[in-house]
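So the structure is just underneath, and the comments pick up after that.
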Amino acid sequence: MKTNASLLKERNAHVPQGLFNTHPIFAANAKGALITDVEGKEYIDFAGGIGVNNIGHCDDEVLRAAYDQIQKYIHTCFHVVMYEPYVELAKRLNAYTPGNFPKKTMFVNSGAEAVENAIKVARHATARTATIAFEDAFHGRTLLALSLTSKMKPYKFGFAPYAPEIYRMPYAYCYRCAFGLEYPSCEIHCAYFLREFFHTHISSEQVAALIVEPVQGEGGFIVPPKEYFKILKKICEDNGIVFIADEIQTGFGRTAKMFAMEHYEVEPDIVIMAKSMAAGLPLSAVTGKAELMDHPQVGGLGGTYGGNPVACRAAIAVLEQFEKKDLLSRAEKIGKKVLQRFREIQERFSVVGDVRGLGAMVGMELVVDRKTKEPATALTKQLVNRSREKGLLMISAGTHSNIIRPLMPLVITDEQLEKGLSIIEESLGEFSSH
Ligand SMILES: Cc1ncc(COP(=O)(O)O)c(C=O)c1O
């Protein structure tokens, strides 16, 4: 039998180091919120394959739909011979996404590819070139998506030159406000700053799109104040700028609404989705106002694999399971529990600088000192590693990798959830005495 160590040796010999691995273990199988490694050790999964398994590992109905499709056909290429699952899923997403206006949807394979296509559509429809993105944003690793991503090391370092015409604003990171202000007396200066930005960075009539995560994921589960997106959206509307919501990590129920922008009562011009939409099969979507999505000429959009029929069938099953299992209510309950426990942990340990969240997207920011807010990067890594040893898989986030960001499957049981949270508290207790 191959062990984690023997497989790691082979991995190191044959796979480039540039692909990071959080945990030195190899999966044998996974179900619900549990992963078993090749040595038979079982883990509670608080990572969900980086937010991909909201529906849980290997949901029976999703498997059934995918298997049924595999038996019929796996690939014809939508550009050669069309198939119903593509159109059916597009129809459903047009209805599910926020905004009571005619919409159209196209499919590609990864989050980054959805980002690229959303920007293509916005540029084409506006005949403008520039995009505004945010500090601490993550939009992927292909050239344009990487250029929109904020964090230098390890993501961007050594990969310049980046795509041009990208302008970066501070995000609404209240714990570390770029303007040194405090909510609510700040009166959401960081959003109104966009108007000033048009004078100091890029003229509004040159801006095709503003792309923003409703809650920053890789950036560290940063939740903007409730007024923030309405202000940004209104300024975009006033200036003919396409407002793109990157719901790749926030989408599919993570925040206890299907899309996080619903919390902010904002209807984006374009919504991009990936991750949890097809339960792990590679699929991403760009859904937007029909007049925008229809703007590029025939053949201007697409790709060989985009909207694979097996992935589309899986995604339709995911949507159905969300309703059947009422996973939005479950996300709310999970979120409340995690928030409560993280706040208790914050009271016990001064290394917990901030706890914040929206639905089941709750983060805990670790700092060396609450006054200086120096990021506790090394401690966060220790915590992730120690938790694994105790049977919990987690990942960190943040520009300084000092934020714990649970992305557990929403089908996790109460018992598994409690156990996972206790492991975090116990592990933290080993490294931090107060
Ligand atoms: C908000 C956001 N956008 C885009 C991406 C890129 O997605 P992918 O890794 O599928 O290209 C991610 C991935 O973590 C993400 O969280």
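When a ligand or atom number is given, it counts from 1 through the structure's own listing order.
- Distances between N or O atoms of H139 and those of ligand 1 include no value under 3.5 Å.
- When the heavy atoms of G217, G140, A274 are ranked by distance to atom 6 (C) of ligand 1, first place goes to G140.
- The ligand atoms of ligand 1 that sit less than 4.0 angstrom from a heavy atom of E218 are 14 (O).
- With hydrogens left out, the protein atom closest to atom 11 (O) of ligand 1 is A112 N, 2.8 Å, a heavy atom.
- Distances from atom 4 (C) of ligand 1 to the heavy atoms of N109, V212, L283, I248 put I248 nearest.
- Under the 6.0 Å distance and 45° angle rule, K156 does not count as a cation-pi partner of F159.
- Nearest-heavy-atom check against atom 7 (O) of ligand 1 across G111, S284, A114, G51 picks out G111.
- At least one N or O atom of Q249, backbone or side chain, sits closer than 3.5 Å to an N or O atom of ligand 1.
- Scanning all protein heavy atoms for the shortest distance to atom 3 (N) of ligand 1 gives D246 OD2, 2.7 Å.
- With hydrogens left out, the protein atom closest to atom 14 (O) of ligand 1 is K275 NZ, 2.9 Å, a heavy atom.
- Residues I404 and F46 have side chains not in contact (no heavy-atom distance under 4.5 Å, counting atoms from C-beta outward).
- Counting atoms of ligand 1 from 1 in the listed order, those under 4.0 Å from a heavy atom of E213 are 1 (C).
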